Q: 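Dumping the structure here so I can ask a few things about it.
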Amino acid sequence: MRIIFMGTPDFAVPTLTAIQESDHEVVGVVTAPDKPAGRGRKLQSSPVKKYAEAEDLAVFQPVKLRNPDFVEAMKALEADFMVVVAFRMLPQMVWELPKIGTFNLHAALLPDYRGAAPINWVLINGERQTGMTTFFIDKQIDTGNILLQESMEIPLEWTAGDLHDEMMVKGAGLVMRTIEGIASGKLAPKQQDDSLFKHHAPKIFKEDCRIIWDQSSEKIYHFIRGLSPFPTAWTTLEGNQLKIFFSKLSELKEEGEAGVIKVLQDQLFVKAADGWLEITELQLAGRKRMPTKVWLQGIREIPTHFE
């Protein structure tokens, strides 16, 4: 099969690698334009571009996907289908180009958790099971016919980073099984059952990540793990932003108002609406990320509360 691959971040690289190492032909790789990064603001290539160039694959970096030259270039590749992993929304004039169609890898069990940030939202909501879906792209976001799905359990201590890394590997396998199913003609797409759509998974912005301390300790625990390591839950300490990467549910029984801090033997506890959380890893604005114990050893005065 002749395949165009579309993706940008690290998450997409194992899938592109698996396709490249298979008997199928990657006729083109589409990724984001280079962007300035770091102190020197030098242009940086995406992880997908770096891999593609190392494999001597044809790389396309359109600023606008509707650009006629780009559309014609995709058409000229005469692909059987496109594979999309962690890329932006495609216009119809692009996804309808391949002979068979364009399919996407989604990091949840569709139709539930449609949206841009399913990995974060399944953890924020305290789900114990999730999965991945391959589906044909159509006119509506995340609503196309399902090709294959794979379920997986979520350990209670996992963060969004842990789930991301697990899906990054397993997603490549699911995509390859999908490709083989399409190539053999044995894979029959099935329509999504909209009655199973219960949760949205919209893009998460900075303000969405602020911790509300008068919520339950369990809800805050899931909120922190669902946003770690990125985009990261945060609170305010003496007017400065403080990011929190890890926490633990605590059995501490003392009374206190929501947001009140208590330090016991180099451990920092924060009061929620119904109990306490131990904060184990954090980062104050302008400082490095560090274990809470190290941070406490470096401050002169113990803070009294988070705002």
Side-chain angles (χ1 to χ4, degrees), residues 8-11 13 35-42 44 46-47 50 86 107 116-126 154-169 203-213 215 217-250 252 258-272 276-307:
T8 295
D10 287 316
F11 187 86
V13 174
K35 294 182 178 179
R39 292 183 180 180
R41 306 302 291 167
K42 293 182 179 179
Q44 297 289 326
S46 73
K50 291 176 181 177
I119 291 176
N120 300 106
W121 284 106
V122 295
L123 290 175
I124 289 171
N125 290 336
I154 309 174
L156 189 58
E157 70 276 9
W158 271 18
T159 65
D162 296 320
L163 184 55
H164 168 282
D165 292 349
E166 183 76 3
M167 286 185 162
M168 182 167 64
V169 176
K203 184 176 180 179
I204 299 172
F205 298 94
K206 179 180 177 180
E207 192 55 40
D208 301 325
C209 300
R210 184 166 190 160
I211 300 169
I212 308 299
W213 292 109
Q215 295 179 331
S217 55
E218 184 174 350
K219 188 169 184 177
I220 296 172
Y221 170 75
H222 292 312
F223 186 75
I224 292 171
R225 63 192 279 260
L227 296 172
S228 178
F230 183 82
T232 322
W234 60 274
T235 187
T236 302
L237 176 64
E238 298 174 348
N240 296 310
Q241 184 184 98
L242 182 79
K243 293 181 177 181
I244 297 179
F245 293 92
F246 291 104
S247 70
K248 295 179 182 178
L249 293 169
S250 172
L252 197 64
V260 165
I261 294 171
K262 191 172 187 63
V263 176
L264 298 171
Q265 298 178 340
D266 290 331
Q267 293 174 289
L268 188 150
F269 301 89
V270 186
K271 182 68 170 59
W276 294 79
L277 286 161
E278 181 188 353
I279 307 304
T280 58
E281 190 169 346
L282 47 71
Q283 181 180 15
L284 193 62
R287 303 283 296 279
K288 293 182 179 180
R289 175 177 168 179
M290 64 185 71
T292 303
K293 180 178 180 180
V294 174
W295 178 70
L296 288 171
Q297 291 171 347
I299 60 176
R300 296 179 180 178
E301 187 176 341
I302 301 297
T304 58
H305 67 281
F306 289 135
E307 300 159 11

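Only a predicted model underlies this, so the values are computations on that prediction, with no experimental measurement involved.
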Q: For residues 236-248, which residue pairs qualify under side chain to side chain donor-acceptor pair (under 3.5 Å), counting only residues two or more places apart or in two chains?
A: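 Side chain to side chain donor-acceptor pair (under 3.5 Å) check on residues 236-248 returns Arg210-Thr236.
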Q: Does Ile211 form a side chain to side chain contact (heavy atoms under 4.5 Å, CB included) with Phe306? I'd like the steps, not just the answer.
A: CA-CA 10 Å; Ile211 300 169; Phe306 289 135; over 6 Å; no
Q: Go through it in stages, so that I can follow the logic: the residues are Leu277 and Phe269, the test is side chain to side chain contact (heavy atoms under 4.5 Å, CB included), and I'd like the CA-CA distance, side-chain angles, deciding distance and then a yes or no.
A: CA-CA 5 Å; Leu277 286 161; Phe269 301 89; over 6 Å; no
Q: Tell me whether Thr292 contacts the main-chain N or O of Glu281 through its side chain, where contact means a donor paired with an acceptor under 3.5 Å.
A: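 Present.
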Q: For the residue pair Glu307 and Thr235, what are the closest heavy atoms and their distance?
A: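 Closest pair (atom of Glu307, atom of Thr235, distance): O-OG1, 3.2 Å.
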Q: Cation-pi between Arg225 and Phe246: NZ/CZ under 6.0 Å from ring centre and within 45° of the ring axis?
A: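 No - Arg225 does not lie over the ring of Phe246 by the 6.0 Å and 45° rule.
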Q: Search all heavy atoms of Pro9 against all heavy atoms of Ala86 and return the closest pair with its distance.
A: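 Here Pro9 and Ala86 meet closest at CD-O, 3.2 Å.
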Q: Going by heavy atoms in the side chains, are Thr304 and Val260 under 4.5 Å from each other?
A: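 They are not in contact (no side-chain heavy atoms under 4.5 Å apart), so the answer is no.
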Q: Side chains of Lys203 and Phe205: closer than 4.5 Å at any heavy-atom pair?
A: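 Of all side-chain heavy-atom pairs linking Phe205 with Lys203, at least one is under 4.5 Å.
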Q: Checking the side chain of Trp234 only, and the main-chain atoms of Lys206 only, is there a donor and an acceptor separated by less than 3.5 Å?
A: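 Here the side-chain-to-backbone pair exists.
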Q: Ignoring hydrogens and geometry, is there a side-chain-to-backbone donor-acceptor pair from Gln283 to Arg287 under 3.5 Å?
A: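 Such a contact is found between Gln283 side chain and Arg287 backbone.
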Q: Using side-chain heavy atoms (C-beta onward) and a distance below 4.5 Å, is Ile244 in contact with Thr232?
A: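 No, their side chains stay 4.5 Å or more apart.
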Q: Side-chain contact test, heavy atoms from C-beta onward, threshold under 4.5 Å: evaluate it for Asp266 versus Gln297 and give yes or no.
A: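 Counting from C-beta outward, Asp266 and Gln297 do come under 4.5 Å.
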Q: Using side-chain contact (heavy atoms from CB on, under 4.5 Å) as the criterion, list what pairs up with Lys288, not counting sequence neighbours.
A: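 For Lys288 there are no side-chain contact (heavy atoms from CB on, under 4.5 Å) partners, ignoring immediate neighbours.
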Q: Given side chains that start at C-beta, do those of Asp165 and Val169 come closer than 4.5 Å, heavy atoms only?
A: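 Not touching, per the 4.5 Å side-chain cut-off.
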Q: Can you name the nearest heavy-atom pair linking Phe223 to Cys209, along with the distance?
A: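 Taking Phe223 first and Cys209 second, the nearest heavy atoms are CE2-O, 3.3 Å.
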Q: Quick one: does Leu264's side chain get under 4.5 Å of Leu252's, heavy atoms only?
A: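 Result yes, sub-4.5 Å side-chain heavy-atom pair found.
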Q: Compare all side-chain heavy atoms of Ser250 with those of Gln267 and state whether any distance is below 4.5 angstrom.
A: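 They are not in contact (no side-chain heavy atoms under 4.5 Å apart), so the answer is no.
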Q: Minimum heavy-atom separation for Gly226 and Asn120, please, with both atom names.
A: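 Nearest pair, atom of Gly226 first, then Asn120: O-ND2, 2.8 Å.
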Q: Can you confirm whether Glu166 sits close enough to Trp158 that some side-chain heavy atom of one is under 4.5 Å from a side-chain heavy atom of the other?
A: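 Yes, at least one pair of side-chain atoms sits under 4.5 Å.
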